[in-house]
Amino acid sequence: MLEKLKEEVYKANMNLVKHGLVIFTWGNVSGIDREKGLVVIKPSGVDYDVMKPEDMVVVDLQGNVVEGNLKPSSDTPTHLAIYRAWPEVGGVVHTHSTFATGWSQAGLDIPNIGTTHADYFHEAIPCTADMTEEEVKGAYELETGNVIIKRFEGMNPMHTPGVLVKNHGPFAWGKDPHDAVHNAVVMEQVAKMASIAFAANPNLTMNPLLVEKHFNRKHGPNAYYGQK
């Protein structure tokens, strides 16, 4: 079942290792088949060195395991909340990458202060609010998804395809698992650049015209970056 998507999700998970976004088992990627309403996700706690495409777990949008001998990632309810809320999303990534997690632990948005950021994220990469006692002690992973969705009220999640969960770490998404990983890699690099920039100049500013120019030349109605 969904063998092509399993292979795609497996490769996307392995790319987290390739790009240095995870150590041990600190991350997961999922992908969705919108026609079937089924999600393929990494199994929980399985080492990347031994993981295989057939280890990927298929679940429905309510979290029921449809196929697979292993438990799905513990973050599955967060992924599913994002898929249910935003139908444009085709892949979701969670990591504990160093710099993005540092901003998460600081509880700060990553401001849009450079053209690299603006090429991929129109707004500041937002940080969520503190989770309540009820959210933490209840359906924690589901509530994590809910606080992400709440943070994006009034924002286009496909124009800023990433978030920092306060005191936890980054999530990113995209049109498919590969695109989601790509955005996660960029988010980590943007977080690193911002850390260096603010250390060098805490009073820095960004030209808003450059934000609009760089975002729209890749994503706007008259985009011209790259090949057709």
Side-chain angles (χ1 to χ4, degrees), residues 5 7-32 40-42 46-49 51 53 56 73 75 78-79 82-83 86 88-106 108-128 144 148 151-152 155-165 168-198 211 214-215 217-219 223 225-227:
L5 184 57
E7 182 70 26
E8 185 178 1
V9 170
Y10 166 77
K11 288 180 178 178
N13 275 285
M14 297 308 292
N15 279 336
L16 295 183
V17 180
K18 174 183 175 181
H19 292 291
L21 295 193
V22 300
I23 58 175
F24 302 125
T25 61
W26 299 0
N28 43 73
V29 184
S30 68
I32 187 170
V40 173
I41 193 164
K42 174 185 176 289
V46 175
D47 195 284
Y48 289 90
D49 290 338
M51 194 168 64
M56 301 301 104
S73 167
D75 294 306
T78 311
H79 288 238
I82 291 171
Y83 287 127
W86 299 329
E88 306 93 337
V89 172
V92 177
V93 178
H94 173 49
T95 75
H96 290 259
S97 61
T98 303
F99 283 88
T101 300
W103 283 80
S104 300
Q105 292 179 170
L108 297 173
D109 299 355
I110 304 174
N112 193 338
I113 56 169
T115 60
T116 309
H117 184 134
D119 278 338
Y120 289 87
F121 304 95
H122 187 231
E123 312 290 341
I125 298 169
C127 186
T128 64
T144 299
I148 291 171
R151 184 63 180 81
F152 272 79
M155 293 176 63
N156 184 334
M158 301 311 286
H159 285 182
T160 302
V163 69
L164 307 173
V165 177
H168 185 168
F171 282 79
W173 47 85
K175 64 181 185 294
D176 54 41
H178 171 79
D179 190 45
V181 169
H182 189 95
N183 289 331
V185 173
V186 174
M187 180 159 53
E188 173 63 8
Q189 190 66 16
V190 163
K192 183 177 182 179
M193 291 174 175
S195 299
I196 295 167
F198 276 105
V211 172
H214 273 260
F215 183 81
R217 73 174 189 164
K218 290 189 76 171
H219 308 286
Y225 179 90
Q227 304 299 316

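Any value given below was found using the heavy atoms of this structure, including those in side chains, with hydrogens, waters and symmetry copies removed.
Partners of K175 by salt bridge (Lys or Arg N to Asp or Glu O under 4.0 Å), not counting sequence neighbours, listed by chain and number: D179. Residues satisfying the side chain to side chain contact (heavy atoms under 4.5 Å, CB included) test with N15, not counting sequence neighbours, are K18, H19, V181. Residues passing the side chain to side chain contact (heavy atoms under 4.5 Å, CB included) test with S97 are L21, T95, A100, P170, E188, sequence neighbours excluded. Residues passing the salt bridge (Lys or Arg N to Asp or Glu O under 4.0 Å) test with D75: none are found, sequence neighbours excluded. Residues passing the ring-ring contact (aromatic ring centres under 6.0 Å, His included) test with H117, sequence neighbours excluded: F121. Partners of H219 under the side chain to side chain contact (heavy atoms under 4.5 Å, CB included) rule, at least two apart in sequence or in another chain, are F215.
Atom CH2 of W86 has more than 12 neighbouring heavy atoms from other residues, nucleotides or ligands inside a 6.0 Å radius.
The aromatic ring centres of Y83 and W173 sit 6.0 Å or more apart. Between Y120 and H182, the distance separating the two ring centers is shorter than 6.0 angstrom.
Using modelled atom types, one finds no donor on one side chain facing an acceptor on the other under 3.5 Å when comparing N28 with H94. A donor-acceptor contact under 3.5 angstrom links the side chains of S30 and H79, judged on distance only.
Annotation: cation-pi geometry not satisfied between K42 and Y10 (NZ/CZ under 6.0 angstrom from ring centroid, within 45° of ring axis).
Remark: side-chain polar atoms of D176 are paired, donor with acceptor, to backbone N or O of H178 under 3.5 angstrom.
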